[in-house]
Colleague: 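Before I ask anything, let me first share the structure, which is written out below as structure tokens.
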Amino acid sequence: AATSYTGGYLGCQSRKFQGLIKDGSMWLEITNKVLDLPGIFIVRDNPITVGAWSMLPSVNQFVVWIHKKRYTAELVKDAKGEKCTFNITDNRENLVFCGSKSGRTVNKLEELPIEEKEPGYKSIITSYYTILATVENTIMVGDFYLVVCNIHKIVNETGLGGLKWVKTIQ
């Protein structure tokens, strides 16, 4: 059974990222065990392998980098407000498939084990965690698009660890 983590503010201490839930008494700690994994970003029904991603600790966001020559770059240019997911996984088969096939010619969602977490949020079943989000902004930086996404919810698919609730220090 999946466990959901929702929250507002994300704060940072060392390389451990933490999210504060609404009542302010618990933190969600996300360790390097999670942050060092690649993932599959899905936006506008197109999954793409992403190795360069990060959390933005103070604003409850994450970012992914997409090269301007990728098909997904065309999709994210005007995707503000679109639902998206980031599926944190080390499933080599899915990562290679999503990184080697173009969404221009292949409907990758038909080939992947997909489920819908909430209406409009597609998730790859083999993920450790799925971040449900919406695209906030897309910024051109050199040869890459930096896609900034607002986090709605983080779902723990497998119990990998690396996310845990801890009491705040009062």
Colleague: If you round to the nearest 0.5 Å, how far is CD1 of Ile42 from OG of Ser127?
Modeller: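 So the OG of Ser127 and the CD1 of Ile42 are separated by 7.5 Å.
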
Colleague: Is there a side-chain contact between Val76 and Val135, using heavy atoms and a 4.5 Å cut-off?
Modeller: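 SC-SC contact between Val76 and Val135 ruled out.
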
Colleague: Sequence neighbours left out, what passes side-chain hydrogen bond (donor to acceptor under 3.5 Å, both in side chains) with Thr89? Give chain and number order.
Modeller: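 Testing Thr89 for side-chain hydrogen bond (donor to acceptor under 3.5 Å, both in side chains), a comparison that skips the adjacent residues, returns none.
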
Colleague: Verify the neighbour count for atom CZ of Arg92: are there more than 12 heavy atoms of other residues, nucleotides or ligands below 6.0 Å?
Modeller: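 Not buried by this count: 12 neighbours or fewer within 6.0 Å.
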
Colleague: CZ/Arg104 to OG1/Thr72 distance, rounded to the nearest 0.5 angstrom?
Modeller: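 One gets 9.0 Å once the value is rounded to the nearest 0.5 Å.
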
Colleague: For the residue pair Phe86 and Trp53, categorise the inter-ring angle as parallel (less than 30°), tilted (30 to 60°) or perpendicular (more than 60°).
Modeller: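 The arrangement is tilted - the two ring planes meet at 30° to 60°.
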
Colleague: Between Glu111 and Lys101, does any NZ, NE, NH1 or NH2 come within less than 4.0 Å of an OD or OE carboxylate oxygen?
Modeller: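 Glu111 and Lys101: not salt-bridged.
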
Colleague: Measuring only between side-chain heavy atoms, which start at C-beta, is His152 closer than 4.5 Å to Tyr121?
Modeller: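 In contact.
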
Colleague: Once rounded to the nearest 0.5 Å, what's the spacing between atom CD of Glu93 and atom CG of Leu112?
Modeller: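 It comes to 9.0 Å.
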
Colleague: Report yes if some heavy atom in the side chain of Phe97 is under 4.5 Å from a heavy atom in the side chain of Ile40; otherwise report no.
Modeller: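 The answer is no; the side chains never approach within 4.5 Å.
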
Colleague: Grouping I, L, V, M, F, W and Y whenever their side-chain heavy atoms are under 4.5 Å apart, do Leu109 and Leu95 come out in a common cluster?
Modeller: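 Linked, Leu109 and Leu95 end up in one cluster.
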
Colleague: Ignoring hydrogens, what is the shortest heavy-atom contact between Cys98 and Arg70? Give both atom names and the distance.
Modeller: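 Heavy atoms only, the tightest pair is O-NH2, 3.9 Å.
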
Colleague: Parallel, tilted or perpendicular: which one describes the rings of Phe62 and Phe41, with boundaries at 30° and 60°?
Modeller: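 Correct class here is perpendicular.
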
Colleague: Taking the hydrophobic residues Ile, Leu, Val, Met, Phe, Trp and Tyr, and joining any pair whose side-chain heavy atoms are under 4.5 Å apart, which ones share a cluster with Leu75?
Modeller: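 Listed partners: Tyr71.
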
Colleague: What is the distance from atom NZ of Lys108 to atom OG1 of Thr49, rounded to the nearest 0.5 Å?
Modeller: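 Taking NZ in Lys108 and OG1 in Thr49, the distance rounds to 7.0 Å.
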
Colleague: Is the closest side-chain heavy-atom distance between Val64 and Cys84 below 4.5 Å?
Modeller: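 A side-chain contact is absent here, since even the closest heavy-atom pair is not under 4.5 Å.
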
Colleague: Rounded to the nearest 0.5 Å, how far apart are CD of Glu116 and NZ of Lys83?
Modeller: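 Going from CD on Glu116 over to NZ on Lys83, the span is 8.0 Å.
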
